[in-house]
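Here is the structure we will look at.
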There are 2 protein chains.
Amino acid sequence: MHAAVLVHEGWAFRHRTLTDGRRQVIDFVMPGDICDPTVFVMPRADFSMQALTTLSYSLVRPEDVLDLVTRSPRIGAALWWAEAYEEAINRAHVVAIGRLNAYERVAYLLWELWTRLRLVDLADGDGFVMPASQEIVADAAGLSYVHVSRTLGRLEREGLIRRLKKTWRIIDAARIRQISQLADNLHITPLSRKIQQRLKQ
Amino acid sequence: MHAAVLVHEGWAFRHRTLTDGRRQVIDFVMPGDICDPTVFVMPRADFSMQALTTLSYSLVRPEDVLDLVTRSPRIGAALWWAEAYEEAINRAHVVAIGRLNAYERVAYLLWELWTRLRLVDLADGDGFVMPASQEIVADAAGLSYVHVSRTLGRLEREGLIRRLKKTWRIIDAARIRQISQLADNLHITPLSRKIQQRLKQ
DNA sequence: CGTATTGTTGAGTGAGATCAAAACCAGTGG
DNA sequence: CCACTGGTTTTGATCTCACTCAACAATACG
């Protein structure tokens, strides 16, 4: 059983960088998320993790995880849910990167980030603070940063989003959702909302 | 209703098909694989599954899984391991599709399939039976089937693989492994081998 | 056999990459 | 308040890898 990191504040991302410099961001980690902390310490062969902002988090040791799970079915369920949620996001990424074009892919990413942030009350209405540079977004979407810039520009020109410094706003959520194709992959329910909220604290 | 599926014999694949027909294969399911333990927590699966050959499998109902896990730590550990393994494969897919070119991606796929089959003793030395059509391989790699055909042709012309009907052989494993870049993502250990072997039965 | 599915090959095209330069922005220090 | 610096974003021009279209070959199958 692994230890776990519970993120309270701040963003990070997990990524894999190849020897020649190519990098793929596997996913973003934000408040309410749980993840394996060993990556902070040990450069695992698989992937590594990097903070985007200052992070506040708590560590749960393996023994404690086991203890928590066996004692409280509620927490066990929450952990299990978090796991399943993460997997659903990962599957969506595979589909997005494998079969959506740049326009759809960037729309999906916007939708995912906004949705996940709303889940933990970190979205300010239609807007949210975006700490990641476009280079990192590109590495998450499997695109070049130049093309990400162009695509975001297009979405803005079309009136679907608006950007001001680090704050991005979803102007036409319905359209973004529709373009992204995979919005329903993130099946958010009132229950999941409550669970994630609790984990955030 | 959803339940866990334990595959004993045969291949299947999980995929997501978009409304316009574009399809992404999320992963292949082969003997020893369990899918999908998390489906109990999710309201509805965001993907569907399809058999490639006749399948032999056993179904485990949600209640029974819970029961098994709480009673036998051994089974709990095995489930946990299977989960982690599946995630590692999924992460590798994201990286492969996002950042590898067609040549590397196909090499990776070959490596992954061969490695996973060896894990459950279903590889005949350097060869294995490949039940999936190139169209399905293409949908797994995020490529067109035409390009998959060309790429396999190239690998064969270069003497790295050989194909005879449905049997594919890895002639130069070291090269394939090297080209795929992500071979070490599948961290196989003697332990994992044993666990997978047991699950196969 | 004939028919359907799958695989191969060639030609032309296009979405997104790469290259390069300019514009912008946040600090930092004078 | 301004100039200087390094990072980020934008824009234009060009190129390339993989896609599409189309025809044909091979294999599987009733």
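The chains referred to below are lettered A, B, ... by the order of the sequence lines, with proteins before strands, and numbering in each begins at 1.
Remark: C1' of C/dT18 and CZ of B/Arg99 are 13 Å apart, rounded to the nearest angstrom. We find that CG of B/Leu143 is positioned 16 Å from C1' of C/dG7, with the value rounded to whole Å. The distance between atom CZ of B/Arg162 and atom C1' of C/dG7, rounded to the nearest whole Å, is 19 Å. Rounded to an integer number of Å, the gap from CG of A/Asp139 to C1' of D/dT9 is 15 Å. The interatomic distance linking A/Ile136 (CD1) with D/dG7 (C1') rounds to 12 Å, in whole Å. Straight-line distance from the OH atom of B/Tyr145 to the P atom of C/dT9: 14 Å, rounded to whole Å. For B/His147 and C/dT8, the NE2 to C1' distance is 14 Å, given to the nearest whole Å. The interatomic distance linking B/Leu100 (CG) with D/dC17 (C1') rounds to 14 Å, in whole Å.
A/His147 and A/Ser149 are not linked by any side-chain donor-acceptor pair at a separation below 3.5 angstrom, with hydrogens and angles left out of the test. No hydrogens or angles considered: nothing links the side chains of B/Tyr108 and B/Glu104 as a donor-acceptor pair under 3.5 Å.
Side-chain to base pairing of B/Arg163 with C/dG7: no donor and acceptor N or O lie closer than 3.5 Å to each other. Taking only distance into account, the side chain of A/Arg105 never meets the base of C/dG16 through a donor-acceptor pair shorter than 3.5 Å.
Distance from the side chain of B/Ser144 is smallest to D/dC19 among D/dC21, C/dG7, D/dC19. Side-chain proximity of B/Ala102 to the nucleotides C/dG7, C/dG16, D/dA18 is greatest for D/dA18. For B/Asn101, the side-chain atoms get nearest to D/dA18 when compared with the rest of D/dT9, C/dG7, D/dA18.
For the pair B/Glu135 and B/Arg150, nearest-nucleotide mapping onto DNA chain C gives the more 5' position to B/Glu135. Along DNA chain C, the nucleotide nearest to B/Leu152 and the one nearest to A/Lys165 differ in position, and the one closer to the 5' end is contacted by B/Leu152.
Just one of B/Asp139, B/Val29, B/Ile136 meets the side chain to side chain contact (heavy atoms under 4.5 Å, CB included) condition when paired with B/Phe13; it is B/Ile136.
Judged by a 6.0 Å distance limit and a 45° cone about the ring axis, B/Arg118 is positioned over the six-membered ring of B/Trp114. Under the 6.0 Å distance and 45° angle rule, A/Arg16 does not count as a cation-pi partner of A/Phe47.
Proximity of B/Gln134 to the phosphate of C/dT5: no side-chain N or O atom is located under 4.0 Å from OP1 or OP2. The side chain of B/Ser149 contributes an N or O atom lying less than 4.0 Å from OP1 or OP2 of C/dT8.
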